[in-house]
Protein chains: 2
Amino acid sequence: MNEESPVGRPKKGRREAAREATEQAILEAAEKVFAEAGFGGATMQLIADLAGLPKANLHYYFATKESLYRAVVERIFRIWLHAADQMDEAAGPAEGIGAYIDAKMEISRRHPNGSKVWASEVMHGAPVIQDYLETTLRDWTAGRCAVIERWIAEGRMAPVDPRHLLYMLWATTQHYADFNHQIETLNGGRPLSAADWEAAKTNVKEVILRGIGALD
Amino acid sequence: MNEESPVGRPKKGRREAAREATEQAILEAAEKVFAEAGFGGATMQLIADLAGLPKANLHYYFATKESLYRAVVERIFRIWLHAADQMDEAAGPAEGIGAYIDAKMEISRRHPNGSKVWASEVMHGAPVIQDYLETTLRDWTAGRCAVIERWIAEGRMAPVDPRHLLYMLWATTQHYADFNHQIETLNGGRPLSAADWEAAKTNVKEVILRGIGALD
DNA sequence: CTCAAGCCTGACCATATGGTCAGAATTGGA
DNA sequence: TCCAATTCTGACCATATGGTCAGGCTTGAG
């Protein structure tokens, strides 16, 4: 789409690099503000302040609040999907689903804001990513359901409804991001420690893997 | 708090009855609008329209947007807690936790908007119900953890961390309310049927109860 | 029936917010 | 160095929204 230097690598000039850096800073700030205030509660001014640039400059990079929001949501969606690769090359349910849980828990830990924006978007009826739900996500889901059904047919796990199993996986893992405030409050007001996170992961995996008969 | 007619039943006059009816209509409308648009995205005008009265009248019943929002959140919280009673009189984990799952799934089915408002509130850092989290919810949680730990000590279920088990219960059941749009989209764009809900309940119960070793 | 208390409402206001724009500052290739 | 393209910015605007208020309407106790 753009001229590049003779070398294979882009080798972006100072200008392009700065642009990308600014864009990332904006996305980062926007993700946080959208997560903490919701789309309606977020203000371009707040995002601009957090990103460290004047509001008018924000509009130079993202024409409207909605386009910025869309960029944030799409960014998260990409991370979501990428994390799901874990499940593909697995030999059986214990490794496959176990790895998927690990990956999703790690995302909840590292990108709680992204998870919250996603949750908010879906809760409000997916006004901007409805098409993704109907295409990419639907296909992805069908694919995983097929894998799970194969495992069931092979007698490697109990005959549970794959659809509802996926919902359980999403729900339990994302809960640690979306409700982290509640969890921290019940944890004495302190964030989960590394050990706490390990315990959480282990518990989720144990209960679910045993629950689908993939442990014995 | 108020004078009542000689009879035991309140027998509220026309006036009082109308007031309560209006109040309920407002709360119902507000719950829906807050759920669909978030606190920041919701407008008093929208709520008024949905409740079928002029905006100024809304402010006669609820002075500010925040006080109305607070009323909605507290209403949900009460339902939440009440549903948890199921778990108390149970003889063991299978019945107790099974009944709790049933109750929470039923709430997700009947009060999806309430669940969403709650989720949104917690996601945004619980600005209005932080005190509830630190008192009522913390106490409630401690009580249930004690019950679960007793069951574990008695060898009636596997030794899982009670805290994380509760999170799993909350996450899985509330997911059907908070993410119902996503679920419906993956269900071919149609709401879950009665049979679908039964299947969901059964699946959640089976996986979790088997997962905590309370089925054999 | 009377009338005070309670309920309802249209019109209005102050403010906050998303977005615009003209022009200044900077950059980097020629 | 020069200059066109790109990036940045303060000032500004139109609109939407939460909230107010003076006055009209309804209710029900006496």
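A note on names: the letters A, B, ... follow the listed sequences, proteins ahead of strands, and every chain is numbered from 1.
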Task: Parallel, tilted or perpendicular: rings of A:W118 and A:W80 (30°, 60°) - done: perpendicular

TODO: Considering just the side-chain nitrogens and oxygens of A:R19, establish if one lies under 4.0 Å of OP1 or OP2 belonging to D:dT6.
DONE: no

Open item on the list: With rounding to the nearest 0.5 angstrom, report the CG to CD1 distance, B:D102 to B:I97.
Closed with: 12.5 Å

TODO: Examine the side chains of B:E20 and B:Q24 and answer whether a donor and an acceptor come within less than 3.5 Å of each other.
DONE: no

Open item on the list: Can you see if the side chain of B:Y61 gets near the phosphate of C:dC8 - specifically, an N or O under 4.0 Å from OP1 or OP2?
Closed with: yes

TODO: Specify the separation, in whole Å, of atom CD of B:Q45 and atom C1' of D:dT15.
DONE: 14 Å

Open item on the list: Quick check on D:dC8: is either OP1 or OP2 less than 4.0 Å from any side-chain nitrogen or oxygen of A:Y60?
Closed with: no

Task: Nucleotide D:dG18, atom C1' - distance to CD1 of B:I47 in whole Å - done: 11 Å

Task: Integer-rounded Å distance: C:dT17 P and A:L58 CG - done: 14 Å

TODO: With heavy atoms under 4.0 Å as the rule, sort B:A48 into base, sugar-phosphate or nothing.
DONE: nothing

Open item on the list: Less than 3.5 Å apart, any donor N or O on the side chain of B:Y167 or A:Q182 sitting next to an acceptor on the other?
Closed with: no

- [ ] Taking only the side-chain heavy atoms of B:P54 (C-beta and beyond), determine which of C:dC7, C:dG10, D:dG18 contains the nearest atom.
- [x] C:dG10

- [ ] Quick one: sort the A:F39 and A:F34 rings into parallel, tilted or perpendicular, breaks at 30° and 60°.
- [x] parallel

Task: Check: B:A84 main-chain N/O paired with B:R144 side-chain donor or acceptor under 3.5 Å - done: yes

- [ ] Check the distance between C:dT9's P and B:N57's CG and give it to me in whole angstrom.
- [x] 5 Å

Task: Rounded distance (Å) that lies between atom P of C:dC7 and atom CD of B:E23 - done: 10 Å

Dump the pairs, protein N or O against N or O of nucleotides 19-26 of chain C, anything under 3.5 Å, distances to one decimal.
residue : atom : partner : partner atom : Å
C:dG19  : OP2  : A:K65   : N            : 2.6
C:dG19  : N7   : A:K55   : NZ           : 3.0
C:dG19  : O6   : A:K55   : NZ           : 2.8

TODO: May I ask you to decide if B:T185's main-chain N or O and B:R190's side chain share a donor-acceptor pair within less than 3.5 Å?
DONE: no

Open item on the list: Please classify the nucleic acid contact of A:F62 as base, sugar-phosphate, or nothing, using heavy-atom distances under 4.0 Å.
Closed with: nothing

